A.B. asks: 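Got a structure for you, questions after.
Note that the structure is predicted; figures quoted are calculated from it, not measured. Proteins get letters first, then strands, A, B, ... in listed order; numbering begins at 1 in each. All heavy atoms count here, side chains included; hydrogens, waters and symmetry mates do not.
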Amino acid sequence: GAVVSQHPSRVICKSGTSVKIECRSLDFQATTMFWYRQFPKKSLMLMATSNEGSKATYEQGVEKDKFLINHASLTLSTLTVTSAHPEDSSFYICSVLYSYGYEQYFGPGTRLTVT
Amino acid sequence: TQLLEQSPQFLSIQEGENLTVYCNSSSVFSSLQWYRQEPGEGPVLLVTVVTGGEVKKLKRLTFQFGDARKDSSLHITAAQPGDTGLYLCAGAFPGGGADGLTFGKGTHLIIQP
């Protein structure tokens, strides 16, 4: 499988500021990565598909101008939450599509708290 | 929108008992994954099933994929407190592997000593 890291693991920011979350594929060149969010006691919801060298594909209801995704290399995708509000507080998880199979391997997640 | 029904959502049993978690859809999966997630961590892949009727075993965990590839089950034998966690099924539907997974709502499993 693939080893995936995320940074930071936790972040607290003030309402109105922007926060960048990094997702790195440490041992696999990932053409495709995904971003999910998860609320407490809930399952994962796909936010967007991040494709290296092209624009991300967003799921219905996810604002592309609020959640900026950049996948500039085969090992790094970033998610920037712009003008964060308390309702954006959530657990954000990225994953890597492991092209040798159908599997996705997940990062450890980033806990975002907006005050 | 593809939907995955996972049941039960909550299950609390005694150590040593057996349990089964179910995952169903009205659509055909191209593949289905089972994950286990601990609080505050990302999901960890347990198994991937691709072929209808496939059965895979991982120690005390047995995974089955339905013949029609619309359903799957996870059976745990002689559950232990270390099995406690959130179990998620996630399906990839025909359309290419470059699609994000659709997750079931998850099964919160508690194994009491």
Side-chain angles (χ1 to χ4, degrees), chain A residues 1-7 9-10 21 23-24 30-52 54 56-62 69 71 77 90-113, chain B residues 1-11 21 23 28-51 54 56 58 63 65 69 72 85-110:
Chain A
V3 180
V4 183
S5 70
Q6 280 184 242
H7 178 81
S9 58
R10 291 175 178 269
I21 302 170
C23 176
R24 292 184 184 275
T31 305
T32 304
M33 293 183 174
F34 302 93
W35 286 95
Y36 296 82
R37 67 187 298 181
Q38 184 178 31
F39 291 106
K41 303 290 186 184
K42 299 295 184 183
S43 189
L44 281 74
M45 293 294 292
L46 177 66
M47 298 176 66
T49 302
S50 173
N51 300 298
E52 188 267 336
S54 65
T57 304
Y58 291 82
E59 294 299 298
Q60 193 172 10
V62 178
I69 292 172
H71 192 160
S77 175
S90 188
F91 193 50
Y92 291 87
I93 313 174
C94 70
S95 71
V96 163
L97 178 64
Y98 197 57
S99 295
Y100 299 119
Y102 300 89
E103 297 94 350
Q104 291 185 21
Y105 291 88
F106 287 82
T110 296
R111 173 73 60 193
L112 170 63
T113 303
Chain B
T1 303
Q2 313 284 13
L3 291 176
L4 264 179
E5 298 290 335
Q6 189 174 341
S7 62
Q9 289 193 33
F10 297 94
L11 184 59
V21 178
C23 186
V28 174
F29 302 111
S30 56
S31 70
L32 187 137
Q33 284 85 45
W34 285 93
Y35 292 86
R36 179 165 170 254
Q37 186 180 24
E38 301 273 4
E41 299 180 9
V44 175
L45 180 66
L46 296 174
V47 77
T48 298
V49 286
V50 178
T51 305
E54 186 174 6
K56 285 191 174 180
L58 186 66
F63 304 87
F65 201 19
R69 289 161 54 209
S72 181
L86 175 64
Y87 289 82
L88 297 157
C89 67
F93 294 91
D99 295 334
L101 294 171
T102 298
F103 279 83
K105 290 187 176 181
T107 296
H108 295 268
L109 177 63
I110 297 174

A.B. asks: Should we count CZ of A:Arg111 as having more than 12 external heavy atoms under 6.0 Å?
C.D. replies: yes
A.B. asks: Quick check on B:Gln37 against chain A: is it the side chain, the backbone, both or neither that has a heavy atom closer than 4.5 Å?
C.D. replies: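 The side chain, not the backbone.
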A.B. asks: List in chain and number order the residues that pass side chain to side chain donor-acceptor pair (under 3.5 Å) with B:Glu41, two or more places apart in sequence or in another chain; answer none if no residue qualifies.
C.D. replies: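 Residues passing side chain to side chain donor-acceptor pair (under 3.5 Å) with B:Glu41: none at all.
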A.B. asks: Is chain B contacted by the side chain of A:Glu59, its backbone, both, or neither, given a heavy-atom distance below 4.5 Å?
C.D. replies: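 Contact with chain B is absent: no heavy atom of A:Glu59 under 4.5 Å.
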A.B. asks: Do you know which of B:Leu86, B:Leu32, B:Val44, B:Val50 has the most heavy-atom pairs with chain A at a distance under 4.5 angstrom?
C.D. replies: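 Top count of heavy-atom pairs under 4.5 Å with chain A: B:Val50.
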A.B. asks: Report, as yes or no, whether the 6.0 Å neighbourhood of atom NZ on B:Lys56 holds more than 12 heavy atoms from other residues, nucleotides or ligands.
C.D. replies: yes
A.B. asks: Quick one: of A:Ala48, A:Gly109, A:Pro108, who has the most non-hydrogen atom pairs under 4.5 Å with chain B?
C.D. replies: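 The candidate making the most pairs under 4.5 Å is A:Pro108.
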A.B. asks: Could you have a look at A:Met45, A:Gln6, A:Met47, A:Gln38 and say which one has the most heavy-atom pairs with chain B under 4.5 angstrom?
C.D. replies: A:Gln38
A.B. asks: I'd like to know if the side chain of A:Ser43 reaches the main chain of B:Phe103, judged simply by a donor and an acceptor atom lying under 3.5 Å from each other, with no hydrogens or angles considered.
C.D. replies: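 Between the backbone of B:Phe103 and the side chain of A:Ser43 there is no qualifying donor-acceptor contact (under 3.5 Å).
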A.B. asks: Atom CD of A:Glu103 and atom CG of B:Leu46: how far apart are they, to the nearest 0.5 Å?
C.D. replies: 12.0 Å
A.B. asks: Mind checking ring pair (Phe, Tyr, Trp, His ring centres under 6.0 Å) for A:Tyr58 and listing every partner two or more places apart, or none if nothing turns up?
C.D. replies: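 Partners of A:Tyr58 by the ring pair (Phe, Tyr, Trp, His ring centres under 6.0 Å) criterion come out as none, since no residue qualifies.
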A.B. asks: Do A:Phe34 and B:Leu101 have side chains that get closer than 4.5 Å, going by heavy atoms?
C.D. replies: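 No; the side chains remain at least 4.5 Å from each other.
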A.B. asks: Could you have a look at A:Thr57, A:Leu44, A:Val4 and say which one has the most heavy-atom pairs with chain B under 4.5 angstrom?
C.D. replies: A:Leu44
